[in-house]
Amino acid sequence: MAATAAETRIFLEVRRQLQSALLILGEPKEGGMPMDISIMPSSLQMKTPEGCTEIQLPAEVRLVPSSCRGLQFVTGDGLHLRLQAQAELGTKLISMFNQSSQAQECCTFYCQSCGEVIIKDRKLLRVLPLPSENWEALVGEWCCHPDPFANKPLHPQENDCFIGDSFFLVNLRTSSWQPRPELSPVEMCCVSSDNHCKLEPKANTKVICKRCKVMLGETMSSETTKFYMTEIIIQSSERSFPIIPRSRFVQSVITQCLVQLSSARSTFRFRIQGQDDKVYILLWLLNSDSLVIESLRNSKYIKKFPLLEDTLKADSSSAWSAIKVLYQPCIKGRNEKLVSLWESDISVHPLTLPSATCLELLLILSRSNANLPSSLRHMNSFQVAFLKM
């Protein structure tokens, strides 16, 4: 059976900063026929003896047909070529916390997985970023007098919210002049030798959503609770809970963390580890300016390329901003030597998440990798994946 032009698989990655694009026209699954391919600034046209199919690119993507180069056929993938491209797409991230607009407002903390209210109508007067994890060592190096901050952990005061690399610190202390925040849907769990709950900074104390049993954070002291950004949505109390697919939310939060850390600290390698310090993924950020066409539309057919599948919005003509990463799974004893090397390397930054979320992220990366054209799935000994911003 002859393959028609409509059955051709499409992959397009545009690098905004480099103004270049990689276009792959996939090899038909069955025996094909002669095909003429025309590249225009806003569309691709494929002609076969059976007819002509034109695929419209998203409005924000413009190709430069005269710049085509590096044309080659890769068995199993199809036709590869590179060309100049322009892409003007404003990256709209899922906000982890809008400091300017939400400070001074009453906010509600929701469990992202099930929408349960965790803290209701909390007025945050100060929303402040925490310093890096090595700030105390730097103070000791620079101060000519005893460290005034020695043995004084940075805990938020009432109506404060401190923002770390992947978590929020919130003070849950009550007072006579302020109503106690509503914490009914949260239960505190801990494990200790005498089977009692001890609210100590190093205790194995978890904050768990009563409805869906997802780990939301940990109690750091009798007054301070850590909530992980991947598990909590903070909204103005005037707004309703936003329904966001779990995969979409996790990708957006992780990409924000990676991009912000790489920009602020010039670090591009990360250890993704659970709250128990067990390493699940070694991750290397390659670039954060990719625009990936995950699906294309034509007048007769809709062919979806599920690289960055969004279960909520299956728009077949959309383009997604994404970061490109290399990764190595570290579960079940894999890559132990590499983990040991990265743990001893001060240029590698640890990013701590709940263990279940680490496994979710690994599944997202694996699915992205499996849906890439086969020639793009590996780089040296690492696997390649895209995370949607």
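Quick note: numbers below take in every heavy atom, side chains included, and nothing from hydrogens, waters or symmetry partners.
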- Glu231 and Thr357: side-chain hydrogen bond (donor to acceptor under 3.5 Å, both in side chains), yes or no, with the steps? CA-CA 9 Å; Glu231 315 307 318; Thr357 303; 2.5 Å; yes
- Task: Would you check, one step at a time, whether the test side-chain hydrogen bond (donor to acceptor under 3.5 Å, both in side chains) holds for Gln273 with Thr352?
- Result: CA-CA 5 Å; Gln273 59 190 34; Thr352 302; 3.2 Å; yes
- Item | Step-by-step side chain to side chain contact (heavy atoms under 4.5 Å, CB included) determination, Arg62 to Ser42 | CA-CA 5 Å; Arg62 303 287 292 181; Ser42 59; 3.5 Å; yes
- Task: Could you check Ile24 against Val74 for side chain to side chain contact (heavy atoms under 4.5 Å, CB included), going step by step and ending with a plain yes or no?
- Result: CA-CA 10 Å; Ile24 299 177; Val74 178; over 6 Å; no
- Item | side chain to side chain contact (heavy atoms under 4.5 Å, CB included) assessment of Phe11 paired with Ile293 | CA-CA 6 Å; Phe11 174 86; Ile293 310 300; over 6 Å; no
- Begin with the C-alpha distance, continue with both residues' side-chain angles, and end with the deciding distance and a verdict on side chain to side chain contact (heavy atoms under 4.5 Å, CB included) for Asn159 and Asn171. CA-CA 7 Å; Asn159 301 109; Asn171 190 300; over 6 Å; no
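For Phe167 and Tyr228, the gap between ring centers reaches or exceeds 6.0 Å.
The shortest heavy-atom contact between Gly333 and Glu336 is O-CG, 3.1 Å. Counting all heavy atoms, side chain and backbone alike, Leu285 lies closest to Ser262 at CD2-OG, 3.6 Å. When all heavy atoms of Phe249 and Ile233 are compared, the closest pair comes out as CE1-CG1, 3.7 Å. For the pair Leu22 and His80, the tightest heavy-atom approach, listed with the atom from each and the gap, is CD1-ND1, 4.5 Å. The two residues Arg126 and Asp160 have their closest heavy-atom pair at NH2-OD2, 2.6 Å. The two residues Ser321 and Leu291 have their closest heavy-atom pair at N-CD1, 3.9 Å.
Partner Leu83 forms a side-chain contact (heavy atoms from CB on, under 4.5 Å) with one of Ser20, Ser66, Pro65, Cys68 and no other, that one being Cys68.
Note: Ser221 OG to Leu169 CG = 9.0 Å, rounded to the nearest 0.5 Å. The NZ atom of Lys388 sits 10.5 Å away from atom OG1 of Thr255, with the distance rounded to the nearest 0.5 Å. With rounding to the nearest 0.5 Å, the separation of CZ in Arg122 from CG in Leu124 is 6.5 Å. Between the CG atom of Leu18 and the CZ atom of Arg82 there is a distance of 10.0 Å, given to the nearest 0.5 Å. Once rounded to the nearest 0.5 Å, the distance linking CG of Leu363 with SG of Cys358 reads 13.0 Å. Rounding to the nearest 0.5 Å gives a distance of 6.5 Å between CG of Leu12 and CG of Leu57.
Grouping the Ile, Leu, Val, Met, Phe, Trp and Tyr side chains by contacts below 4.5 angstrom, directly or via other members, places Val259 with Leu365. Under the 4.5 Å side-chain contact rule for hydrophobic residues, Val214 and Ile243 share a cluster. Both Leu338 and Phe268 belong to a common hydrophobic cluster when Ile, Leu, Val, Met, Phe, Trp and Tyr are linked at side-chain heavy-atom distances under 4.5 angstrom.
Qualifying salt bridge (Lys or Arg N to Asp or Glu O under 4.0 Å) partners for Arg15, counting only residues two or more places apart in sequence or in other chains: Asp289. With sequence neighbours excluded, no residue satisfies salt bridge (Lys or Arg N to Asp or Glu O under 4.0 Å) with Arg334.
Comment: Arg211 engages Glu116 in a salt bridge, judged by a side-chain N to carboxylate O separation of less than 4.0 angstrom. Under a 4.0 Å N-O distance rule, the pair Arg265/Asp165 qualifies as a salt bridge.
Within a 6.0 Å radius of CD in Gln72, other residues, nucleotides and ligands contribute more than 12 heavy atoms. For Leu71, the CG atom counts as densely surrounded, since its 6.0 Å shell holds more than 12 non-hydrogen atoms of other residues, nucleotides or ligands.
Below 30°, between 30° and 60°, or above 60°: for Phe168 and Phe109 the angle between ring planes is above 60°, a perpendicular geometry.
Between Cys209 and Cys212, some side-chain heavy-atom pair lies under the 4.5 Å cut-off. Contact annotation: the side chain of Ile331 approaches that of Leu359 to within less than 4.5 Å [non-hydrogen atoms, C-beta and beyond]. In this structure, the side chains of Trp284 and Val325 stay at 4.5 Å or more apart for every pair of heavy atoms. Residues Leu125 and Glu158 fail the side-chain proximity criterion, which asks for heavy atoms closer than 4.5 Å. Taking 4.5 Å as the limit, some side-chain heavy atom of Gln251 sits within range of a side-chain heavy atom of Ile364. Counting only heavy atoms from C-beta outward, the side chains of Thr267 and Val348 never approach each other to under 4.5 Å. At least one side-chain heavy atom of Leu282 sits less than 4.5 Å from a side-chain heavy atom of Arg271. Phe227 is listed as a side-chain neighbour of Val207, based on a closest heavy-atom distance under 4.5 Å.
In the model, Gln235 has no side-chain atom that pairs as donor or acceptor with a side-chain atom of Thr108 under 3.5 Å. In the model, Ser290 has a side-chain atom that pairs as donor or acceptor with a side-chain atom of Asn287 under 3.5 Å. Remark: the Ser374 side chain and the Asp77 side chain contain an N/O donor-acceptor pair separated by less than 3.5 Å.
For the pair Ser43 (side chain) and Met40 (backbone), a donor-acceptor distance under 3.5 Å is absent. Not one N or O on the side chain of Ser263 forms a donor-acceptor pair closer than 3.5 Å with the backbone of Gln260.
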Extract all donor-acceptor atom pairs below 3.5 Å that involve side chains of residues 377-387 and protein atoms in other chains or at least two apart in sequence.
unit_1 : atom_1 : unit_2 : atom_2 : d
Arg377 : NE     : Leu372 : O      : 2.8
Arg377 : NH2    : Ala370 : O      : 3.2
Arg377 : NH2    : Leu372 : O      : 3.1
Gln383 : OE1    : Tyr327 : OH     : 3.2

